[in-house]
Every structure is written in structure tokens, then in C-alpha cells.
Visitor: 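Before we start, here is the structure in question, set down as C-alpha cells.
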Amino acid sequence: MLKRGCFLRTLFNFSATQRMSMASSFSPPDAVRGMTALDRSAFTRSYEIPALLVSQSGIGYAVKMLKSFRLKVPKIAPVIEREEGSGSKLILLDPDKVKSISDLPADTLAGLKDKCKVDTETGLSSYSLQMTYDNLTYDAIFKAILPADKDKLSGYSRVGHILHLNLKDHLLDYKELIGQVLLDKHTGIRTVVNKTTTIDNTFRNFSMEVLAGEEDFITTVKEHGCSYQMDFSKVYWNPRLDTEHQRIVNELNPEDVLYDVFAGIGPFSIPAAKKGCSVLANDLNEDSFAWLNCNVKANKVGNKVRTFNLDGREFIRTVVANDMKTRLVDENFRGALHFVMNLPALALEFLDAFNEVLPVGTNLPNERLPVVHCHCFTKEMQNATADVLSRAESCVGHELTDSVQMHLVRNVAPNKEMYCITFRVPGAVMLKKDNEPALKRVKCTR
């Protein structure tokens, strides 16, 4: 309960100086600029803000009428009791929207006067508000602390209970503070990490350091109805690709086959299997392979997915080659063959693996040619699609003229984009030029 006299000053008017300060009234004190060790008490600050005194009988209507003008600050109620037994309440108003009662729309004022018996001639009251660290958003805190003349924290990714940052060099002196603030301000987060090295192109993982919270990298995420468990420190997972995962799966029909060459922990393979597709999923990273098998089991698609722990090129030229050969001579197979190659730093280089993978005489009408969805990066911002097509044709060793599609997946950096090129592998590329020995079979696990 508020103490008598702590909040009310009638005829509330802001001077020009007060108006300037109110425009940035909820920013933390200037003294916190440059702080590197978090001191939560340093953010406490008092303000005078406008408030409207309303009788108890009219409070419901007034709250509704003032919805867009009410104070919206974390952990501060916008409606407070004036004093015990007074029969009236104060509605706290946003000082950036309301400086005087005349700032309220005419119809709002009329409604307050008629329905709530508010004396609109008297004006607003002044309320003494104390703001603390708990009432500030992390954006406001970082804006007050971090260097004003340099780029701020650009963003982060959430992976289960983990927040993943990629801090620029000029922010490293503030890294522990940044980690603690994000930990404080996010419900359900227990670990905040910063990437310390670039992604390893072979296994797609990277080194990281814990900035705040627990050193616990085993986490679970859910995406489009599927659940994925992983050790985030040892496998690749990017929540920014959720739309791309869904886009590719939407291209598939239940009778199709998906060959997932760089499957990771299964974000393409598992939803495809849930859709009814037969899936052969491969990843060279032993940790990814282990979590892939775990997720196949957890999502109950073991009858649809076969998993392999091979180099991508070997996977295509052995396992996939034998599977395609079997399906292409099966009169009952009516589906399409799809490849997804999501290793954007290197995937184009693996396109040569399709060279002569099928025996001479294999029946390959155009509609049975495999469809490849290959992800890659480009830095040719002015001519991105031409660059991707040229590099893909160079790796395939053949012109790609049949239904080539380009999809911009995302902007990775100011001068770097991720694309997906989709095309049918030319039959002239896939068929052997002479009668070479049959490709060996490779043992797989379910």
C-alpha cells in the first residue's frame, strides 16, 4: 500500500526543461555508461510522471479509454490505489505521449467526464515513480552502457535454454555483463554463450564460452511439430533456418524419397519422414550422427529413416547410388527422388559425386531425374544467382538448363547471402560411360 503524500501533486504541468528530460525519462542514469561489471543498484532512478485521478466507480471505463496512453513499464502496475479507503485510484500515463490533459483526444476527455466524473478542467496529477534495474528492458540497459559511437549488440539466437551470441570485438570487454543482463531478462534461459571461433566447415561446430549461467549444452528445441535434442557445443543448429526446413519439406510428397547428404541432427529428415517420405540421412560428424539417431527414435520415425555416418561424397556414390538403382527399376515406385545438401560453405563441391553413379542403360526419363536442393553462400551481391549457377554447373560438369530455381534463404552478413539452387541432375552426368563394376553396398543403422 502506498503511503499518504508520496505521489500526488495537483495541477501537474511540465516546464520545457522537464519535457526534454521526460522524452528520455526512462533511460538509466548517465553514470552507468561504460560499466563492465554489472551493478544493478546503479540503475535506480526517480521520475515525475503524469497520472489521472479517477473514482473507484469509473476506473473500469477509464482504464479502457486510456489503453493507448497508459504507462507500460515492466513490473509496474499502471493503476494504483491513491490511498487506503480513499475510494479513488491513479492511472499512470506514458510521459512520452501525455504531457498535459489537453494531449488526450477530445472524445476521450468527453467520455472520462461523462462516464467517470473526471474533472478534466483540473488537469493531471504528478506521481513520483522509482525505476530500478528490474523495470528496464535489456535494450534500454545496453543502450545506456555500451559505447554510443559503435555498433550495439546486433542480436542473438535462442536454442532451447541457451542464448547464443556472436559478439563483435569492441563488445568483448562487456561480455560478462551482456551475458548476465540477458540471463536476467529472459524467462527460461539458463545459459548464455558467445561464439569464439568460426564454424568448422567439416563438422559445422564451433568453440564457445559461457558468459553467464550454467555450463549446460544439452538442450531440446521444437520446430514445426518435431522435437530435437542435441549437445549444442558439438553439433550444428541454426534457428534462423526453420523457414527453410519447412520450405524444402513442403516440396516433398509422401511417396517421395529424400537423400539428406548433410543431415545434422535431422531438421529436414525427420519432418520429411513424418510426412511419409522414405529418408536416407547421413552426417560425417559422429556427434551429429548420434543425436540424429536419438531424434529419429524420439520422433517415432525409425520405420522411415535409415541413418549413415559417412563422408557426403561417399554416401552419394555408394549408399545412394545403390538405392536409386533399385528404385528406378521398381515398377511400383511412383515417387520422386530428392537430395538436400545443406552444407552451404562446401556443398557445391560435392556435386561432382553425381558423375557416373548409375549403370549404363538405366532408364532415366526426365521426370525420374533426381531433384537436388543445394545450399551455398555467395558474396557476389550484384549478380548472386548467376554466380551460384555458374559454380554449380562447374561442379556438376554440365550445363543446368532444366527447371533451375534459385531461392534466397537469408542474408548472412552485409556482403554474404545464403542461397538454395534447385535443379534436376542431367542424365548424361549420372550414367556411366562404360560397364564398370557395380558399386559396393554400405552397412547402415536404423
Side-chain angles (χ1 to χ4, degrees), residues 151 154-157 164-169 195 197-206 223 235-252 258-265 267-269 282-285 288 311-313 315-316 338-355 369-426 429-430:
D151 292 339
S154 58
Y156 54 82
S157 298
H164 166 223
L165 309 176
N166 187 9
L167 295 178
K168 295 181 179 180
D169 289 344
K195 184 171 73 172
T197 61
T198 57
I199 292 176
D200 177 87
N201 287 338
T202 304
F203 294 127
R204 291 193 293 179
N205 52 19
F206 51 85
E223 184 180 278
V235 305
Y236 178 79
W237 180 267
N238 189 341
R240 294 185 178 94
L241 294 179
D242 62 336
T243 301
E244 180 65 1
H245 297 154
Q246 188 176 43
R247 186 185 72 86
I248 294 294
V249 173
N250 286 343
E251 295 288 320
L252 309 176
L258 177 66
Y259 303 113
D260 196 348
V261 183
F262 311 108
I265 64 171
F268 291 106
S269 293
N282 174 73
D283 204 278
L284 181 61
N285 182 343
S288 295
D311 170 76
R313 186 173 282 102
F315 173 66
I316 293 172
H338 287 261
F339 286 79
V340 61
M341 302 176 69
N342 181 32
L343 184 64
L346 292 174
L348 289 176
E349 298 178 17
F350 285 77
L351 293 178
D352 63 359
F354 291 102
N355 187 39
L369 293 174
V371 178
V372 173
H373 312 274
C374 185
H375 295 90
C376 63
F377 294 130
T378 179
K379 294 183 178 181
E380 299 294 329
M381 307 302 289
Q382 302 302 316
N383 204 19
T385 57
D387 172 62
V388 172
L389 178 60
S390 175
R391 289 158 56 205
E393 290 180 334
S394 176
C395 293
V396 171
H398 197 280
E399 185 179 8
L400 301 177
T401 58
D402 185 28
S403 302
V404 175
Q405 299 177 16
M406 295 284 183
H407 176 73
L408 174 61
V409 178
R410 69 187 188 99
N411 297 106
V412 179
N415 295 303
K416 186 177 183 180
E417 292 178 329
M418 178 178 173
Y419 272 82
C420 178
I421 178 173
T422 297
F423 61 92
R424 289 187 183 274
V425 184
V429 171
M430 301 185 71

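Counting begins at 1 with the first residue of the sequence.
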Visitor: Please round to the nearest 0.5 Å and tell me the distance separating atom SG of Cys395 and atom CG of Asn355.
Guide: 12.0 Å
Visitor: Give a yes or no on whether the ring-centroid distance for Tyr419 and Phe377 is below 6.0 angstrom.
Guide: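 No; Phe377 has its ring centre 6.0 Å or more from that of Tyr419.
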Visitor: To the nearest 0.5 Å, what is the distance between OG on Ser394 and CG on Leu348?
Guide: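 Result: 9.5 Å between the selected atoms.
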Visitor: Anything under 3.5 Å between a donor and an acceptor, one on a side chain of residues 379-389, the other on a protein residue two or more places apart or in another chain? List them.
Guide:
{"from": "Asp387", "atom 1": "OD2", "to": "Thr378", "atom 2": "OG1", "distance (Å)": "2.7"}
{"from": "Asp387", "atom 1": "OD2", "to": "Arg391", "atom 2": "NH1", "distance (Å)": "2.9"}

Visitor: What pair of heavy atoms forms the shortest contact from Val249 to Phe268, and how long is it?
Guide: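 Scanning both residues, the minimum pair turns out to be CG2-O, 3.9 Å.
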Visitor: So which atom in Asp260 and which in Ser269 form the shortest heavy-atom distance, rounded to 0.1 Å?
Guide: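 Shortest heavy-atom separation between Asp260 and Ser269 comes out as OD2-OG, 2.7 Å.
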Visitor: Determine the minimum heavy-atom distance between Met341 and Ala347, stating which atoms define it.
Guide: O-CB, 3.5 Å
Visitor: Hey, could you give me the OG1/CG distance between Thr243 and Asn250, rounded to the nearest 0.5 Å?
Guide: 10.5 Å
Visitor: Quick check: does any side chain N or O of Asn238 sit under 3.5 Å from a backbone N or O of Arg240, one acting as donor and the other as acceptor?
Guide: yes
Visitor: Please lay out, stage by stage, how Glu223 and His245 fare under the test side chain to side chain donor-acceptor pair (under 3.5 Å).
Guide: CA-CA 9 Å; Glu223 184 180 278; His245 297 154; 2.6 Å; yes
Visitor: Passes side-chain contact (heavy atoms from CB on, under 4.5 Å), Met418 versus Asn342? Steps please.
Guide: CA-CA 10 Å; Met418 178 178 173; Asn342 181 32; 3.6 Å; yes
Visitor: Where do Glu393 and His398 land on the side-chain contact (heavy atoms from CB on, under 4.5 Å) test, with the steps shown first?
Guide: CA-CA 6 Å; Glu393 290 180 334; His398 197 280; over 6 Å; no
Visitor: Taking the side chain as every heavy atom from C-beta outward, state whether Leu351 and Phe423 have any pair of such atoms under 4.5 Å apart.
Guide: yes
Visitor: Show the nearest heavy-atom pair for residues Leu369 and Arg424, with the distance to one decimal.
Guide: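 That would be O-NH1, 2.7 Å.
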Visitor: Identify, with sequence neighbours excluded, every residue that meets side chain to side chain contact (heavy atoms under 4.5 Å, CB included) alongside Arg247.
Guide: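 For Arg247, the residues satisfying side chain to side chain contact (heavy atoms under 4.5 Å, CB included) (neighbours in sequence not counted) are Glu244, His407, Cys420.
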Visitor: Between Pro370 and Tyr259, is any pair of side-chain heavy atoms under 4.5 Å apart?
Guide: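 No, too far: nothing below the 4.5 Å cut-off.
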Visitor: Please examine the side chains of Pro239 and Asp242, heavy atoms only from C-beta on, and report whether any two atoms are closer than 4.5 Å.
Guide: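 Result no, sub-4.5 Å side-chain heavy-atom pair not found.
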Visitor: Looking at every heavy atom in both Gly264 and Asp283, which two are closest together, and how far apart are they?
Guide: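 Where Gly264 meets Asp283 most closely, the heavy atoms are N-OD2, 2.7 Å.
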Visitor: Check the pair Gln405, Ile421 against side-chain contact (heavy atoms from CB on, under 4.5 Å), reporting the backbone distance first and the verdict last.
Guide: CA-CA 6 Å; Gln405 299 177 16; Ile421 178 173; over 6 Å; no
Visitor: Just how far is it from atom CG of Leu165 to atom NZ of Lys195, taken to the nearest 0.5 Å?
Guide: 11.0 Å
Visitor: Evaluate the side-chain contact (heavy atoms from CB on, under 4.5 Å) criterion for residues Val372 and Thr422: first the C-alpha distance (whole Å), next the side-chain angles of each, then the deciding distance (0.1 Å), finally the verdict.
Guide: CA-CA 5 Å; Val372 173; Thr422 297; over 6 Å; no
Visitor: Given side chains that start at C-beta, do those of Glu417 and Leu408 come closer than 4.5 Å, heavy atoms only?
Guide: yes
Visitor: Are any of the side-chain heavy atoms of Leu343 and His375 separated by less than 4.5 Å?
Guide: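 Side-chain contact under 4.5 Å: no.
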Visitor: Report the distance from atom CZ of Phe315 to atom CG of Asp311, rounding to the nearest 0.5 Å.
Guide: 11.0 Å
Visitor: Would you say the rings of Phe339 and Phe354 are close, in the sense that their centroids are separated by under 6.0 Å?
Guide: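 When the ring centroids of Phe354 and Phe339 are compared, they turn out to be within the sub-6.0 Å range.
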Visitor: Let me confirm one number: the NE2-NE2 distance from His338 to His373, rounded to the nearest 0.5 Å.
Guide: 5.0 Å
Visitor: Checking Asn282 side chain against Phe262 main chain: does a donor-acceptor pair fall under 3.5 Å?
Guide: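 Flag not set: sc Asn282 to bb Phe262 has no pair under 3.5 Å.
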